[in-house]
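Notes follow the structure.
Read the numbers this way: they start at 1 and go in the same order the structure lists the ligands and their atoms. Owing to the predicted nature of the structure, the values given are computational and were not obtained by experimental measurement.
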Amino acid sequence: MVSAQVPAAGIRIEVRNAPKPISPDLFGAFFEDLNFAADGGLYAELVQNRSFEYSAADNKEWNSLTSWQLIERDGGKGAVTVESEKPVHPNNPHYARLGVSSLGGGVGLSNSGYDGIVLKSGEAYDVSLHARLSSAGHQKLAIQLETEDGAALGETSIEVQSTEWTRHTATLRATADAKQGRLVILAGATGSIDLDVISLFPQKTFRNRRNGLRADLAQAIADFKPRFVRFPGGCLAHGDGLDNMYRWKETIGPIETRKAQRNIWRYHQSLGLGYFEYFQFCQDIGAKPLPVVPAGVCCQNSGAAKTGKWGQGQQGLPMDQMPAYIQDVLDLIEYANGPATSTWGAKRAAAGHPEPFNLKYLGVGNEDHITPVFEERFKMIHDAIKAKHPEITVIGTVGPAHSGRDYDAGWAFCRAEKLEMVDEHYYVAPDWFWDNLGYYDKYDRTGAKVYLGEYAAHDKDRKSTLRSALAEAAYMTSLERNGDVVLFASYAPLLGKHRRTQWRPDLIYFDNSTISPTINYEVQKLFSLNAGDALLPLTIQDEAATRSADGKTQLAASCVRDSASGDLILKLVSRSNTPIRAQLDLSGLLDAPSPASCTVLSGDASAENVFGQPPVVLPATSSLQVAPTTSYDLPPNSLSVIRVRTKA
Ligand code: AHR
């Protein structure tokens, strides 16, 4: 516990045995389909543009055949066109027509997935597609997994005999690993065939769910044990214009009936990961679902990417559309919680989940500009929810920053409307967090509770440095200290696909086969796995002696108790470049030395765990005995989590 290096200054930390209840659900996750977090990310679908719905509206370089290639092997001749007459479903208007005039060595389509399809030797993959003959005869389609060089890694076939759309399924087993694999569909005869919703899923999804999630990525989220998951955004929720608002009803049911949407972050939402899958994931990881619906207005930055007019694009749904919109919101609650015999509960049951999902919180709005247009619509939605579902806590929104016009107006509106909870967002420099450790100390204890729905320390060049992670850790001790007011907090954004990010920093970077958690992730995990439900008051004496030359605090601390285990958890954060010697006085809580673990995250403040390189800063855990009074040296630039077991 005591370092060889002579500490610069000494402090005394006393923890008293006067527990105060705090939120047991403080640390959670915020998932937004940004940075290819859903399609090409958490959603395990391996085929990109499976429904031929990509368009220039998604991304100006895209069209219906993006990610598809026509194959004409050894004299084979064919053509592919995109058609829309009598589609599989009106919500899914385009499909591919493959015409084969000469079979040669093979004519068909291949899909290279999202930057290549990763295949694992021996693993099973489920293929499904919708097909109909568009000329006489029948087709035996060969379905193959291949490397990028065309080496076969598995093959099966599908017989198509109908001129009506029919769904076909097959299973393939990869015979070798591939990082840049592809799915190939080859015609068995000349003629013409229509194809749509061509899907390839690994059978091994997270918890083996059908239409499920990528197991390793979902596990990385599960591993930090978020107590809640907010979804689907962010700006994605309120959308880029009224026609781009996230409509939950368009995201449920068979995948071919879901209505794909352009993504506000300039790509595409297949919506294969929709509300059912979000709810299921929350249940699978023991997290409370926290959906966010638009407050009847679209993002204030709507259209700004084209017009350059930021902050001027908010529009409200026309008033004659509000009753139907409000009904959609009420139907969402029924979908989540209603009996399987109710209209919307029956749809949940039909998807395989007759039991309710226990929705308790619903966000309405996402950092919207607080305007009369917003307020009028928010109030209509809020009042309708509270009238029909008083059991649901509605979470309001107070703008995109920790202060300023929307923050002030949002809070004034929240007080006037007597909201139970509001969602705050701020992305600021590491110093802001250190300078504002008392931010919530001044909050009214009798007013609305806070959900800090989006926050991150943005260091220079938006790097995920230890400096940024420690700033967040310091702030998280203050969230614990204010866990009577702040009920939930989530770092944002959660996922960023390597080379496909629109926003940095993110908590976890990944590509098709690698997952690279940031140091900030390690901090979230340490806090979440060491959360408590009671705060123990802690005082630091002589803290001034540890301050920097310009008088800035270098130290933050909190102590909580987890009533399930009885453990006492002390978190100490230092941004000093030298060790700080602390005399820990736990004599009010311990009367004999107790077994403990001490987990430390420390290093160079500018260090980063960079994608594709071995991590340089990882938590290290040791076992020790903690006496009622004991000496502990906080390493330079460190988070220490000391977990003391008080029960035998
Ligand atoms: O987290 C990224 C974006 O930041 C969210 O979509 C938005 O709510 C915020 O501005």
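The closest protein non-hydrogen atom to atom 2 (C) of ligand 1 is Tyr427 OH, 3.6 Å. Considering only non-hydrogen protein atoms, atom 10 (O) of ligand 1 sits nearest to Glu367 OE2, 2.6 Å. Regarding atom 7 (C) of ligand 1, its nearest protein heavy-atom neighbour is Glu454 OE1, 3.3 Å. Scanning the protein heavy atoms around atom 6 (O) of ligand 1, the nearest turns out to be Glu32 OE1, 2.6 Å.
When heavy-atom distances to ligand 1 are checked against a 4.0 Å cut-off, Leu236 has no atom that comes that close, whether in backbone or side chain.
Summarising the local packing, NZ of Lys386 is surrounded by more than 12 heavy atoms from other residues, nucleotides or ligands at distances under 6.0 Å.
Across Trp432, Trp503, Tyr455, a single residue satisfies side-chain contact (heavy atoms from CB on, under 4.5 Å) together with Tyr427, and that is Trp503.
Proximity of Pro493 to ligand 1 is established by a heavy-atom distance of less than 4.0 Å. The closest approach between a heavy atom of Tyr426 and any atom of ligand 1 is not below 4.0 Å.
Close contacts between ligand 1 and Leu34 involve ligand atoms 2 (C) [criterion: under 4.0 Å to a heavy atom]. Close approach to Asn366 involves these atoms of ligand 1, each under 4.0 Å from a residue heavy atom: 8 (O). The distance from ligand 1 to the heavy atoms of Trp265 drops below 4.0 Å at these ligand atoms: 6 (O).
Annotation: the span from Asp423 atom CG to Ser490 atom OG amounts to 7.5 Å, rounded to 0.5 Å.
For Tyr267 and Phe36, the distance between ring centers is under 6.0 angstrom. Between Tyr475 and Phe433, the distance from one ring center to the other falls under 6.0 angstrom. In this structure, Tyr426 has its ring center closer than 6.0 angstrom to the ring center of Tyr439.
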- Task: Start with the C-alpha distance between Phe31 and Tyr278, add both sets of side-chain angles, then the distance that settles ring-ring contact (aromatic ring centres under 6.0 Å, His included), and finish with yes or no.
- Result: CA-CA 10 Å; Phe31 179 90; Tyr278 282 124; 5.7 Å; yes
